[in-house]
There are 2 protein chains.
Amino acid sequence: MICTQSRFRPEGTLLALGVVRQVRQNELIYREGDPASHFMQMVGGVARMTSVRRDGSRFIDAFHLSGDVFGMEVGTLYANSAEAVGACSLVAYPAHDRVLLDAISEGFACQIVTALMHDLRQAKEHARLVAQASALEKTSAFLIDWSSRTERFPLITLPMTRQDIADYLGLSGETLCRCLAQLHRERLIEMLSPRRFKLLDAPALRKMAA
Amino acid sequence: MICTQSRFRPEGTLLALGVVRQVRQNELIYREGDPASHFMQMVGGVARMTSVRRDGSRFIDAFHLSGDVFGMEVGTLYANSAEAVGACSLVAYPAHDRVLLDAISEGFACQIVTALMHDLRQAKEHARLVAQASALEKTSAFLIDWSSRTERFPLITLPMTRQDIADYLGLSGETLCRCLAQLHRERLIEMLSPRRFKLLDAPALRKMAA
DNA sequence: CGAGGTGTTGATTCCCTTCAATTACCGTGG
DNA sequence: CCACGGTAATTGAAGGGAATCAACACCTCG
């Protein structure tokens, strides 16, 4: 236990260094390989972190929503692209050594460290999920996870496409659909619309997520 | 680009806070769920980060070798277990808020941040690999990655078991063996012993790793 | 009303897992 | 030095789960 705050907070001195940015649906926030000039904090909406391979296959590392920090890079370039799933707003902080070091010395190091540790845990859990879970387990885990990150339990709204979710879980879009259909048949979820669900049996879903 | 140093360095003031620890082969360094009282830096040898599920399946998040930092947790408990692959030595730093904050104020925040960003990038790349690569691609990627982290190219020594590697790549041990055998048949690698390889065609391996 | 993106379902194929058996390796002790 | 035992590694055969290919339904928007 190093920092007790669960999230990096935009309030305070650091905010003065950042600029607010509005991004339209599917707009690129930054591109993989670009100079990592800023790191970001989501204020509203959802962003996806994507990387594309030579063969055209796409992978989504993470979805970020309000409060999440992303875009801090160990090198000089972004390791993946960031895109707006829907319209969203964020704060961009310059990531030059000098500016960030100033911020650190002003007492924000702990919040930055906390944000990174949070992302690291998420990334490790994500790796475990895609490595050793079945398609149904992945699907259940995603629904439970998303539900825990939004605040309208047992209702959830998925702003992203099926393909987005599939690329996040390492599944084909078709398989994801089949798994959702199966969860529906088994009365674990209700499908109010393609993007809106109701979790009918969260404990059972949680057990499947394993 | 935030910090230019590629690794957290044990030299300097912070070392005074840590204690050196020697660990025997397969010995537990810390257990998942234990209070996260210290974070660690490898000095020699190799450690594996493991998590075990109720159904008995094991997953390996990462292998850490000399210089790597691990065990920094956002909560009060370790999220996974750490075990020594072979005999190894490490430095354990107390992770209480007070002590670490002192270290941060003494100018080590940047190194801690860098170590975390490094681990985060590794974890994301790991997730991508296990999510969307074929067994052969995973195997090639592992060999290339391990080769880049050790310094005897084109010779590599794998201190861990086949099952360790398989659990890291999300494969069965048998499939991993078959892939290694295939790489051997195709003259991309030479097997000096079960744990010692020679990379005969690194560019081809790199291409397969995709 | 039509068009295109999105989502869903079906049929087939194939890669990987599983189960099983055999072999290789390595530390130990004779 | 060599025989021995146990673990690790390898290979084979069979089965299953997800990908792929293909067709269709749905919804939004011009």
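The analysis underlying the following values was restricted to heavy atoms, covering all of them including side chains, and did not include hydrogens, waters or symmetry mates. Note on naming: letters A, B, ... go to the chains in the order of the sequence lines (proteins, then strands), and numbering restarts at 1 for each one.
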Original post:
Going through the checks in order, is the salt bridge (Lys or Arg N to Asp or Glu O under 4.0 Å) test met by B:R58 and B:D164?
Top reply: CA-CA 9 Å; B:R58 182 184 69 156; B:D164 282 340; 2.7 Å; yes

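Nearer the 5' end of DNA chain D, as judged by each residue's closest nucleotide, is the contact made by B:M160, out of A:C179 and B:M160.
For B:R178, no side-chain nitrogen or oxygen approaches OP1 or OP2 of D:dT10 to under 4.0 Å. Residue B:T175 places at least one side-chain N or O closer than 4.0 Å to OP1 or OP2 of C:dT17. Contact annotation: B:R195 reaches the phosphate of D:dA9 (side-chain N/O to OP1 or OP2, under 4.0 Å).
Residue B:Q163 contributes atom CD, which lies 10 Å from atom C1' of D:dA8 at whole-angstrom precision. Distance, A:R162 CZ to D:dC26 P: 15 Å, rounded to whole Å. Following rounding to the nearest Å, B:Q182 (CD) and C:dC15 (C1') show an atom-to-atom distance of 12 Å. In this structure, B:E137 places its CD atom 14 Å from C1' of C:dC16, rounding to the nearest Å. Going from atom CD of B:Q25 over to atom C1' of D:dT7 covers 12 Å, rounded to whole Å. Separating the CG atom of A:L171 from the P atom of D:dA19 is a distance of 5 Å, rounded to the nearest angstrom. Taking atom CG of A:D167 as the reference point, atom P of C:dG7 lies 12 Å away to the nearest angstrom. Rounded to a whole Å, the CG atom of B:L176 is 10 Å from the P atom of C:dT17.
As judged by a 4.0 angstrom heavy-atom cut-off over every strand, A:L180 is placed among residues making no nucleic acid contact. Among the protein residues, A:S172 comes within range of the nucleic acid bases, having at least one heavy atom under 4.0 Å from a base atom.
Ring orientation note: the planes of A:Y30 and A:F70 are tilted relative to one another, at an angle of 30° to 60°.
For the side-chain contact (heavy atoms from CB on, under 4.5 Å) with A:L90, the lone residue among A:V19, A:V20, A:I29, A:V69 that qualifies is A:I29. With B:R48 as the partner, the side-chain hydrogen bond (donor to acceptor under 3.5 Å, both in side chains) test is satisfied by one option alone out of B:D167, B:D61, B:N80, B:N26: B:N26.
Looking at the side chain of B:S134, the nearest of the listed nucleotides C:dC16, C:dG7, D:dT11 is C:dC16.
Between the side chain of B:E174 and the base of C:dC16 there is no donor-acceptor pair of N/O atoms closer than 3.5 Å.
Within the 4.5 Å cutoff, the side chain of A:L200 has no heavy atoms near those of the A:I189 side chain.
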